Amino acid sequence: MSETTIQTVIAAVKILVIFNVLLGLFSLMTWVERRVLAFMQFRLGPNRTGPFGILQPVADGIKLFFKEEFIPPGADKWLFIAAPAVSVITAFLAIAVVPYGGSVTLPQASWLGPFAGREVSLQIVDLEVGVLYIFAITALGVYGIVMAGWASNNKYTLIGGLRSSAQMFSYELSLGLSWVGIIMLAGSFRIQDIVAAQDGGFWRWNAFIQFPAFLIYVVASTAEVNRTPFDLAEAETELVAGFHTEYASMKFALLQMAEYVNMITVSALGTNLFLGGWNAPFPGVPDTGLAGVAWFGVKVLSVLFFFIWLRGTLPRFRYDQLMHFGWKVLVPAAAVWILITAGALAFQGPRPAAAAVGAL
Amino acid sequence: MDFAALLFYAFGALALGSAIVVISQRNPIYSAFALIVTLCSLSAIYGLLGSPFIAVLQIVVYAGAIMVLFLFVLMLLNVKREGRDPGDGRTLKGVALALAVLLALQIGTVLMRARLGPARPLDASTEKMARDLFSLPYLYVFEATSVLILAALVGAVALARKDS
Amino acid sequence: MNAEPTVQHALLLSVGLFALGALGVFLRRNIITILMCIELMLNAANLAFVAFSNHLGTREGQILVFFVMTVAAAEAAVGLAIVIALHRGKDTLDVDAFSVLKW
Amino acid sequence: MPPQMPPYVPLLILGAGALGFAVFTLVVSHLLGRPRPNPAKDAVYECGMPAIGTARERFPIKFYLVCMIFILLDVDAAFLYPWALVFRDLVRDGWGTFAFLEMTAFVALLGGGFVYAWKVGALDW
């Protein structure tokens, strides 16, 4: 087998695994979310299908596949069908540069053939432009929502889509700006390098060194993926279900899937950028290879749980409050923080600067 | 032909095809979506030409920001399909087509006859680009850009929000 | 002819896009579509910049693309603001309707 | 270290996979679901009220203003990224103060525009 073929096969296998992990995590999340919310609200949640209701996502999936399709009158048919596809494709594309571990070395086993003993990096592709690629792809994610909202020919979806897209790019700006300090400290766009810069104990994680940026990231990413308290686009009390009101069957499922995959992406990205990625919280604890993947998984799942917890706890913002908060608090704060970080780096040299910034 | 070349031609064809859709559609919303496809395939071409940073910027600035603004305005003003052309439309279209072909031939001839010499290797990595951009020769242009954006910001806000 | 994409092929693509953009400006009567065609022409110019810079081994062309994009963003923001202002006055977007500077 | 595969190959595989998945799902659900339309079901869902007119309505200019401010600041972010990338190198080479002041001036000018938009109420909802 030629070198190119081998690498292509490795890439394809990695993509297949990630794809299935994402799908599995998505269906698991729909169940976990309902159970956890129910627990927080003294209800039971889905508990009939299988033990503890764990087969609920499967049942939902089968049901949605067999549901009839529906295209509202006066809708723009092609855009209406394309919208879920665009959403889900951009959601899956964004995960490409997010690493989930350092690298593993395949065992020297004979059944692996030419793959034996090879070092495989645990990332689909390590682009030179790393985080910027994610910034670009999330920017494209707005189109799915605009298309869905506009094509449905329904006033609620139109308003939901507009609100959602306006919210997305308002917070996208602060989201993007919150990374700048980290890029400065790491001197690289590659997420691998950013994670490597946080090696050596939890006090070196960017969540502490860049604490204000971390807060901005948490708020902005929650808004970016339309989660409570920022789920204004689908405020049931005002807008039915926002931009996906008119969607049924698998088209609805695809839109829903795109939202959850985006949530998983921002959790994984936040883990990498701020929570040290696959680094163990204390030096000396093993975190190479599969152990790193385990650390990474624990962190991502905790962040996902945090999202559900938020939903069970906080009330929804009002739309004007949301826009005010995004533009008048987050954006200026992010800009000022960038200049503070830069000033600290410029006038004290890199090492003490990180400490000084951390002390702030 | 290697794979990169194949991709280059595929994305080139996609860019041209969607550009034709942009100009032939009467419904401006479809034009806008077709233009987004053109911009994304151009971004892929930049990536293939070895300029990843330009490729990403193309998506961030053009496809992710400017085109959203176009779509918003189209929806804001509730733009309808263009009506049919008045009687002499066909002649005008012929003239327009002829002029465009003439333009293409002209520019094409000039570009093709440029004496380029052999290709020289280029390191267009993001770091090198950034070092160039933030060096002394571009200082003036860089600061002038911020004045341009400032002017655009003030101008556009003033124009758009009159009696709103 | 060489099957590899050379600078000539990128330039031909750029010429094609530029001519299509120009044709769109001639043909379409909706101001917003015309603005989009202008964006198309700017993009064609960008492609030529990148192709030349790639071939000549200098980065100046690519840095210029940076500034062209900035100008395009400013142009779109102001241009569309003007379109909105025009639409307020005449309630149409047909270019033929706007033949006077002041009304 | 063997020669690296060009980065667009995995991206292409991923994109093709995502596209295939979306198309497959849409087609299969189209084939499986049996539509049983009736007039009430086909109507646009607006909380049970009969829909008045279409949704091809105009909407407030605020969305445009916010979007416009976003694209101009987005360009600003596009300049901040490469600056952040090389900032430490610049500091190491002794250009730290220069780079810092250069970007401070840039951000301050844009900040002026931002403050203008704020003061005239473009950011008020």
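Every chain is numbered from 1 and lettered A, B, ... according to where its sequence line falls, protein lines coming before strand lines. Note that the structure is a prediction, hence the values are computed from the model and not measured.
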>> For the CG atom of A/L185 and the CZ atom of D/F87, what is their distance to the nearest 0.5 Å?
In response: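 Output value for this atom pair is 10.5 Å.
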
>> Could you measure the distance from the OG1 atom of A/T8 to the CD1 atom of D/I13? Nearest 0.5 Å is fine.
In response: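 Reported value, rounded in 0.5 Å steps: 6.0 Å.
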
Side chain / backbone / both / neither for [X] at chain D, heavy atoms under 4.5 Å:
| X | result |
| --- | --- |
| A/K14 | neither |
| A/I124 | both |
| A/I183 | both |
| A/L22 | neither |
| A/L339 | both |
| A/V331 | side chain |
| A/Y133 | side chain |

Top contributor to chain A contacts, counting heavy-atom pairs under 4.5 Å, from [options]:
| options | answer |
| --- | --- |
| D/A78, D/G96, D/C67 | D/C67 |
| D/D76, D/T97, D/L90 | D/T97 |
| D/A22, D/A84, D/G17 | D/A84 |

Is [Y] close to [X] at the side-chain level, that is, under 4.5 Å between some pair of heavy atoms?
| X | Y | answer |
| --- | --- | --- |
| A/F169 | D/D74 | no |
| A/P332 | D/F114 | yes |
| A/W179 | D/L80 | no |

Shortest non-hydrogen separation from [X] to [Y] and the atoms involved:
| X | Y | value |
| --- | --- | --- |
| D/L26 | A/I81 | CD1-O, 3.8 Å |
| D/R88 | A/M184 | CD-O, 3.0 Å |
| D/P82 | A/F189 | N-CZ, 4.2 Å |
| A/L93 | D/L11 | CD2-O, 4.2 Å |
| D/V66 | A/S170 | CG1-OG, 3.7 Å |
| A/A346 | D/F100 | CB-CB, 4.3 Å |

>> Under 4.5 Å from any heavy atom of chain A, what part of D/W95 do you find: side chain, backbone, both or neither?
In response: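 Answer is neither: D/W95 stays 4.5 Å or more from chain A.
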
> Side chain, backbone, both or neither: which part of D/F70 has a non-hydrogen atom closer than 4.5 Å to chain A?
Replying inline: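 Contact with chain A involves both backbone and side-chain atoms of D/F70.
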
> With no hydrogens and no angle check, is any side-chain donor or acceptor of D/Y81 less than 3.5 Å from a backbone partner on A/G176?
Replying inline: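 Flag set: sc D/Y81 to bb A/G176 pair under 3.5 Å.
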
